[in-house]
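FYI, the numbering just counts along the sequence from 1.
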Amino acid sequence: MRSCATVITAMLISASALHAQQTWNDARTLALVERATERRAAQIADTALADYKATAHGYVTFLAQFGEGFPEPPKIVKADELGLEVYWRAPDLSKQRIMGRRDTLLLPTDINYHRDHLGIVQNNFRNIIRIGEGDEVRDVPHPLSPIGLQVYDFAIRDSLQIRLGPRVLDVYEVRVRPKDDRQPRAVGAVFIDRETGEVVRMAFSFTRAALMDKDLEDVSVVLENALIEGRFWLPRRQEIEIRRTGSWLDYPARGIIRGRWEICCYEVNTGIPPSLFVGPEIVMAPAADRALHPFPFVGNVLDSLPPDVRAVTDEDVKKVQEEARALVRAQALARSRSFAFSARHISDIARFNRVEGLALGSGLLQRIGAGLAVAAAGRYGFSDREFKGRGALEYRTGVGSSLILAAERQYRDVSDEQETSLVRNTIAAQEFGSDYTDTYDVRGISLAGSLAQPGWRPSLELAYERHEPLLVHARPASGAFEPTIPALSLRETRATLILDRPTALTFGGFELGMRLAISGISVDRPTAIRSDLLRPTLVLDLQKPFGSKRLLFHTIAAGLLSGDSVPTQHLVYLGGPTSGPGYEFHEFVGRAGVSQRIEWRFPAPFIPIPLGRFGRSPGTITLAPFGTAVWIDRPAPFKPARQGWYPSLGLGGLTVFDVIRLDAARGLRDGRWTFSVDIGRDFWSVL
């Protein structure tokens, strides 16, 4: 008796596309779907399959994703690894016993999963689909059910051949869409064996009306079956992804629950007693049974996680989402909320710096429909007594591409990369006169477009702006502020091409993230002097995990190509906790500059910190010795003369789930000791 079937995807030997002739609800398609519906109902009464037992191994992970457009992979907050004993008995009894469960908490959370997240889906769902015990998806007719035949459209898309030993199976991919996408319905595809009508695979998402929680962004499901004993199509692999996006202030934060399961080791018709199925379907096995038959976990939870668990979206799930967007109107999948208060960062609500003093603000977002929205945001500084704001007309596609026409008046920072989080900067500026921003006044209009695609993500911005210098207006509680930079008054036309590569696995197991920007700038000054500039900028992150240790490389490089005098606001600024620890803030200013950082992170014993209902932080601290070298060329006349290389060494410590970072560093060439406390860099995008 064979205990496991070969993975279906490994048996795929050929495929022939039928896209050009795709027809909805033609006679051949309906006959196939009706046979599959009849077979699905008959399997419950199939006397040849009395019962079975199997083993399931899976991961349920909770991840968080931050930042405008969610460009970077999500961060693991909590990871659970589970081992199940799976039982089924005719006609439709199911029982799953959790024989092993272990978890790892990487950020404080008190999340509790619904019971059905901790087990697999039996029988490819019942005739009415429910997920999250009905709190997430409810009252969705199964496409292959008597009701489903009436409320869905079907079309054959692809024909596949699968070889199982001497047998060759013809499998059709049938696309499924609702007749009325305003109702709770599934959207996606089912793969059906042409000869038997058995379901080989299901991959689908849901319409907005099916999602019970208003904060749900989407729910995607992939169920893959395998042929057991040469006759029975039973669960082999399953994936589910549930994404929630915060509704408060339209804040760019997303929570993701991902479940991944592998089912194997089937034993068919062993005579399972009906008494086993009493009570809830998914239960924790008694401690005595778990001790007697412990699930054979290997290594640590994080070590055994699939390597792509931090991907922005799993490839199979991504295909489901793309298929859903192609089959129904965007409005049928989009969140229904049309108006919201908006804030891209916490500091959009409140901040403090030497120019504005205390500044308060907020924003509004009105969704018009068909991907269009009107956005407006404003902020008022109580020391400079000036309003800053932005208004925009936005068009965004379901996959994340955008076209934005905007007009704004903002105080722009000259840094190519933030030196500290804005929350830390607010506290330090207000209390100690330590403001790590150098800003100038910008008023302008712009047209920006971006394409969301795998790998490199290109964007282009065209802008016309007027620049003015700023003055210090605020007073700190102690100390004194440095003067602002001598920005030039000018008008400029700019075209900027940006290539973003979100962090992803690359050669040798390294994780690579990169941003390359090239700006062509035409400057008109009050003195009627016109000059043209080319300014390339590169920010690169390269990381390599070695078990619980990690090697990091961080590079910032920028320069100016121009034979004329250069406006101060377009020079390269380096120096500070990020680009030049051990030296003064923006101590290095010139026409070209590079900052290279190398850091080695490893865990060390530490005192656990109680966090109330969130549990306690791990009894470890991440130590991070690092070295940094800054190179600057053709220094600016308003700063001390700095030319060449300036190295530094330091030691960092990340604690409380790596949320808090402490650094001490020493500049080795005319430098000094510097000390810094900040939030971990992963969270800066929303602070």
Side-chain angles (χ1 to χ4, degrees), residues 347 351-359 361 378-390 406-420 422 425-426 429-430 433-446 463-476 479-494 496 519 521-533 535 537 558 560 562 564-576 584-591 593 632 634-642:
S347 296
R351 68 177 63 180
F352 188 95
N353 57 55
R354 65 183 182 271
V355 175
E356 299 177 89
L358 175 63
R379 186 175 74 250
Y380 179 76
F382 288 89
S383 293
D384 67 345
R385 300 181 181 180
E386 294 283 350
F387 281 99
K388 281 72 64 177
R390 179 179 184 270
E408 65 179 354
R409 191 252 176 123
Q410 297 290 354
Y411 290 173
R412 182 179 297 162
D413 193 358
V414 297
S415 302
D416 290 296
E417 192 170 57
Q418 286 180 232
E419 293 294 334
T420 68
L422 290 179
N425 193 74
T426 288
Q430 177 178 285
S434 179
D435 184 0
Y436 277 24
T437 61
D438 273 329
T439 56
Y440 58 100
D441 191 351
V442 176
R443 308 180 193 208
I445 59 173
S446 63
Y464 177 78
E465 297 175 346
R466 190 180 77 189
H467 297 179
E468 298 290 343
L470 295 169
L471 299 174
V472 174
H473 295 282
R475 292 183 179 179
F481 286 123
E482 296 290 328
T484 56
I485 61 168
L488 295 184
S489 297
L490 55 81
R491 289 177 172 82
E492 73 173 36
T493 304
R494 184 182 69 254
T496 302
S519 295
I521 306 170
S522 180
V523 176
D524 286 315
R525 307 184 193 184
T527 56
I529 299 176
R530 183 184 180 90
S531 60
D532 296 322
L533 316 173
R535 193 181 194 279
T537 305
L560 277 167
S562 173
D564 305 312
S565 61
V566 177
T568 302
Q569 53 265 45
H570 291 313
L571 293 171
V572 180
Y573 290 76
L574 298 171
E584 298 286 352
F585 169 65
H586 285 175
E587 182 173 341
F588 310 105
V589 182
R591 287 202 175 197
I632 197 72
R634 300 180 69 181
F638 64 91
K639 284 284 188 176
R642 297 287 186 264

side-chain contact (heavy atoms from CB on, under 4.5 Å) evaluation trace for T484 with V355 = CA-CA 8 Å; T484 56; V355 175; 3.9 Å; yes

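- Side-chain contact check for E492 and H570: at least one donor-acceptor pair (N or O, by modelled atom type) lies under 3.5 Å.
- Here R535 pairs with D416 under the salt bridge (Lys or Arg N to Asp or Glu O under 4.0 Å) rule; sequence neighbours left out.
- By the salt bridge (Lys or Arg N to Asp or Glu O under 4.0 Å) test, E465 pairs with R412, R494, sequence neighbours left out.
- Atom CD of E482 sits in a sparse spot, with 12 or fewer heavy atoms from other residues, nucleotides or ligands closer than 6.0 Å.
- Between the side chains of R525 and S565, at least one donor-acceptor pair of N or O atoms lies under 3.5 Å.
- Here the options are H473, R379, E386, the test is side-chain contact (heavy atoms from CB on, under 4.5 Å), and the partner is E356; only R379 passes.
- The two residues L422 and S347 come nearest to each other via the heavy atoms CB-OG, 3.1 Å.
- How far CG of D524 is from CG of L490: 8.5 Å, rounded to the nearest 0.5 Å.
- Here OH of Y436 is found 15.0 Å from CG of N353. Values are rounded to the nearest 0.5 Å.
- In this structure, CD on E468 lies 12.5 Å from OH on Y440, to the nearest 0.5 angstrom.
- Two residues are said to be in side-chain contact when any heavy atoms from C-beta on lie closer than 4.5 Å; H586 and S415 meet this criterion.
- A donor-acceptor contact closer than 3.5 angstrom links the side chains of Y411 and D384.
- A distance of 8.5 Å separates CZ of F352 from CG of D435, quoted to the nearest 0.5 Å.
- Looking at D413 and D438, their side chains come closer than 4.5 Å, going by heavy atoms from C-beta outward.
- Using a cut-off of 4.0 Å between Lys/Arg side-chain N and Asp/Glu carboxylate O, R466 and D441 are scored as not salt-bridged.
- R409 contributes a side-chain N or O that, together with a main-chain N or O of F387, makes up a donor-acceptor pair within less than 3.5 Å.
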Please report the C-alpha distance between L488 and Q569 in whole Å, then the side-chain angles of each, then the deciding distance to 0.1 Å, and finally whether the side-chain contact (heavy atoms from CB on, under 4.5 Å) criterion is met.
-> CA-CA 7 Å; L488 295 184; Q569 53 265 45; 4.1 Å; yes

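- By the ring pair (Phe, Tyr, Trp, His ring centres under 6.0 Å) test, F638 is found to be paired with no residue, residues two or more places apart in sequence or in another chain being considered.
- Other residues, nucleotides and ligands contribute at most 12 non-hydrogen atoms within 6.0 Å of the CZ atom of R491.
- In terms of heavy-atom proximity, R390 sits nearest to A406 at NH2-CB, 3.7 Å.
- R642 is linked by a salt bridge (Lys or Arg N to Asp or Glu O under 4.0 Å) to E587, counting only residues two or more places apart in sequence or in another chain.
- The two residues P469 and S489 come nearest to each other via the heavy atoms CD-OG, 3.5 Å.
- Contact check for P567 versus L533: side-chain heavy atoms found under the 4.5 Å cut-off.
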Kindly determine whether L571 and V414 satisfy side-chain contact (heavy atoms from CB on, under 4.5 Å), including the steps that lead there.
-> CA-CA 8 Å; L571 293 171; V414 297; over 6 Å; no

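- Under the rule for a salt bridge (Lys or Arg N to Asp or Glu O under 4.0 Å), D532 has no partner lying at least two apart in sequence or in another chain.
- The minimum heavy-atom distance linking P476 with A429 is given by the pair CB-O, 3.4 Å.
- Rounding to the nearest 0.5 Å places OG1 of T568 at 11.0 Å from NZ of K639.
- To the nearest 0.5 angstrom, E417 atom CD is 8.0 Å from E419 atom CD.
- Among residues two or more places apart in sequence or in another chain, the side-chain hydrogen bond (donor to acceptor under 3.5 Å, both in side chains) test is passed with S519 by T496.
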